[in-house]
Each structure stands twice: as C-alpha cells, then as structure tokens.
Amino acid sequence: KAPVTQMLSFRPLEMSAKKPVPFLRRVVPVTKKVQRDPRFDDLSGEYNPEIFLKTYSFLDGIKKREKEMIQKQLKKCRNVEQKEKLQQLLRRMTQQEEEQKKRQKWRERELSLKRQQRELAQQGKKPFFLKKSEKRKLELADKYAELKRSGKLEGFLNKKRKRNAIKDKRRLPSQKSL
C-alpha cells in the first residue's frame, strides 16, 4: 500500500489568503501587433500615379473582359431581378471607365501645362502658374467643345437652363408670405 502522504501530493497547492498582493503585479508582457498603413508608411515608398498606372495596367484588360462577359449574360438572362442587377452592374462599370478616362485626360492636361512652363523657364521667361479658377474655366471650355463635337450641347444647355430656372423659383418669395 502507498503511504497517505504520497496520495495527497497530487492535490493543487493552496496559497495563503493572508499574504498581501504586491503593489506592482508581475504580468507577462504581451507583444502588441503593430499595424501599419501603407499610405503613410515610409517602408512602402512614395506614391507616383504614373508608375501605379503602368504597374496595374493589366487590370484594364481584365475589366474589359468582365464587362463583355456581363453583356453576354445580360443578353441570355430571362429573370427580371437578375437582369436588373446585371444592368446596374454594367452601368457602374461604364461609369467607372468614363471616370478613369476623365482622370487620365485631366492628368495629361496637367502634364502638358507643366511642360509648357518648363519650356518657358528654359527660354529665360518667368513661369506663369494658372489659378484653380482658371484651370476650371479651361476644363469647362474643353467640356463644351467635347459636347459640341458629339452633338449633345443643346440638350446639355437645356437641362442647365431648367435647373437654373428651378433654383431661381426657389429663391423667389412665395405668394403665401406676401
């Protein structure tokens, strides 16, 4: 038979409740996971839109193939709800495409203005930088020229007139208050 003292050794050790708790507890330090945002971190390098566009230019081809696939699905689809979802997705893709083209055009315009300024500086002339308002006027002139070229200028101007007329009506004092 095993002695009783050996059997009691398997019990958990009891701590005295009378012993005071230390002021500064010794806790095992947990290493905190440091999260970093690549937009603001130096390790990720500097953002250059031209390099970014060149690096991810393959995505344009993928998007184009996806758009064609959705168009094919739209032609085959018979379900009304599914068709509506596909149409909405197609609209969104075309809007994103147009927005990307617009941004590219704006970037090219900015680069051409910078080149002109550089050339003038090399010729010894004082560089002239356009204000934001002047750049906006140039953009508006380009937009009007584009609309005129595509034949949509009249419709655009009619919509603008209607919008302005509604705004003017809202600003006028109502008959009830008079």
Side-chain angles (χ1 to χ4, degrees), residues 36-75 77 80-178:
R36 62 183 198 91
D37 194 340
R39 296 173 297 173
F40 309 113
D41 201 356
D42 291 334
L43 294 172
S44 301
E46 298 248 340
Y47 173 69
N48 190 344
E50 284 77 28
I51 294 172
F52 180 83
L53 287 172
K54 284 178 187 174
T55 308
Y56 293 101
S57 60
F58 66 93
L59 289 175
D60 294 333
I62 294 171
K63 285 181 184 177
K64 199 177 222 179
R65 285 195 297 270
E66 284 180 355
K67 189 176 175 184
E68 290 169 1
M69 210 166 64
I70 290 171
Q71 286 172 339
K72 287 178 186 175
Q73 285 179 354
L74 192 62
K75 286 179 184 176
C77 189
V80 178
E81 291 176 16
Q82 186 72 21
K83 199 170 195 174
E84 184 64 36
K85 283 183 180 178
L86 287 173
Q87 284 175 338
Q88 189 177 1
L89 184 62
L90 193 64
R91 268 195 304 268
R92 196 169 112 226
M93 289 176 92
T94 52
Q95 284 175 347
Q96 285 176 347
E97 205 174 271
E98 287 170 7
E99 185 63 32
Q100 189 178 6
K101 285 179 185 175
K102 200 162 86 172
R103 262 191 255 116
Q104 181 65 29
K105 200 179 265 188
W106 180 81
R107 208 175 288 116
E108 286 172 3
R109 190 181 307 121
E110 287 288 316
L111 285 172
S112 69
L113 285 172
K114 283 182 181 178
R115 272 192 226 108
Q116 287 175 356
Q117 293 306 319
R118 233 179 266 130
E119 288 171 8
L120 287 173
Q122 285 175 351
Q123 292 173 5
K125 295 180 181 173
K126 192 176 179 185
F128 174 76
F129 299 100
L130 291 173
K131 294 179 193 172
K132 212 174 193 179
S133 60
E134 291 170 349
K135 284 181 185 177
R136 220 177 288 131
K137 284 178 188 175
L138 286 173
E139 277 183 45
L140 196 63
D142 287 345
K143 184 177 179 182
Y144 276 97
E146 181 66 36
L147 286 169
K148 197 170 188 177
R149 219 183 353 254
S150 62
K152 298 177 182 178
L153 183 63
E154 280 302 315
F156 176 77
L157 289 175
N158 286 337
K159 280 184 185 178
K160 199 162 182 74
R161 277 189 210 104
K162 284 179 186 176
R163 253 185 271 137
N164 287 338
I166 291 169
K167 281 182 187 176
D168 291 342
K169 273 186 184 176
R170 255 191 254 133
R171 286 189 189 129
L172 288 173
S174 63
Q175 292 292 328
K176 293 176 188 175
S177 64
L178 293 176

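- Listed by first and then second residue, the ring pair (Phe, Tyr, Trp, His ring centres under 6.0 Å) pairs involving residues 122-149 are Y144-F156 (not counting sequence neighbours).
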Report all side-chain donor-acceptor pairs from residues 40-56 shorter than 3.5 Å, counting only partners two or more places apart or in another chain.
residue, atom, partner, partner atom, Å
D41, OD2, R36, NH1, 2.8
S44, OG, R36, NH1, 3.4
N48, OD1, E50, N, 3.4
T55, OG1, I51, O, 2.6

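- For the atom pair CD1 of I70 and CD of Q88, the computed distance is 11.5 Å after rounding to the nearest 0.5 Å.
- Contact of the R136 side chain with the K132 side chain is registered, since non-hydrogen atoms from C-beta on lie closer than 4.5 Å.
- Q123 places a side-chain heavy atom less than 4.5 Å from the side chain of L120.
- More than 12 heavy atoms of other residues, nucleotides or ligands sit less than 6.0 Å from atom NZ of K67.
- Rounding to the nearest 0.5 Å gives a distance of 12.0 Å between CG of L90 and CE of M69.
- A salt bridge does not link D60 with K63: every distance from a Lys NZ or Arg NE/NH1/NH2 to an Asp or Glu carboxylate oxygen is 4.0 Å or more.
- In this structure, the separation between CG on L130 and CG on L113 is 5.5 Å, given to the nearest 0.5 Å.
- Distance CD/Q82 to CD/Q73: 7.5 Å, rounded to 0.5 Å.
- K159 NZ to K152 NZ: the interatomic distance, rounded to the nearest 0.5 Å, is 9.5 Å.
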Under the side-chain contact (heavy atoms from CB on, under 4.5 Å) rule, what do L111 and R115 come out as? Steps first, then yes or no, please. CA-CA 6 Å; L111 285 172; R115 272 192 226 108; 4.0 Å; yes
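- Across all their heavy atoms, L74 and K83 have their closest contact at CD1-O, 3.5 Å.
- Residues D142 and R109 have side chains in contact (heavy-atom distance under 4.5 Å, counting atoms from C-beta outward).
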Apply side-chain hydrogen bond (donor to acceptor under 3.5 Å, both in side chains) to N164 and R161, showing your working. CA-CA 5 Å; N164 287 338; R161 277 189 210 104; over 6 Å; no
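- Note that CE of M93 and CG of L86 are 11.0 Å apart. Values are rounded to the nearest 0.5 Å.
- For the side-chain hydrogen bond (donor to acceptor under 3.5 Å, both in side chains) with Q104, the qualifying choice from K102, K101, R107 is R107, the only one to do so.
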Can E99 and Q96 be said to form a side-chain contact (heavy atoms from CB on, under 4.5 Å), step by step? CA-CA 5 Å; E99 185 63 32; Q96 285 176 347; 5.6 Å; no
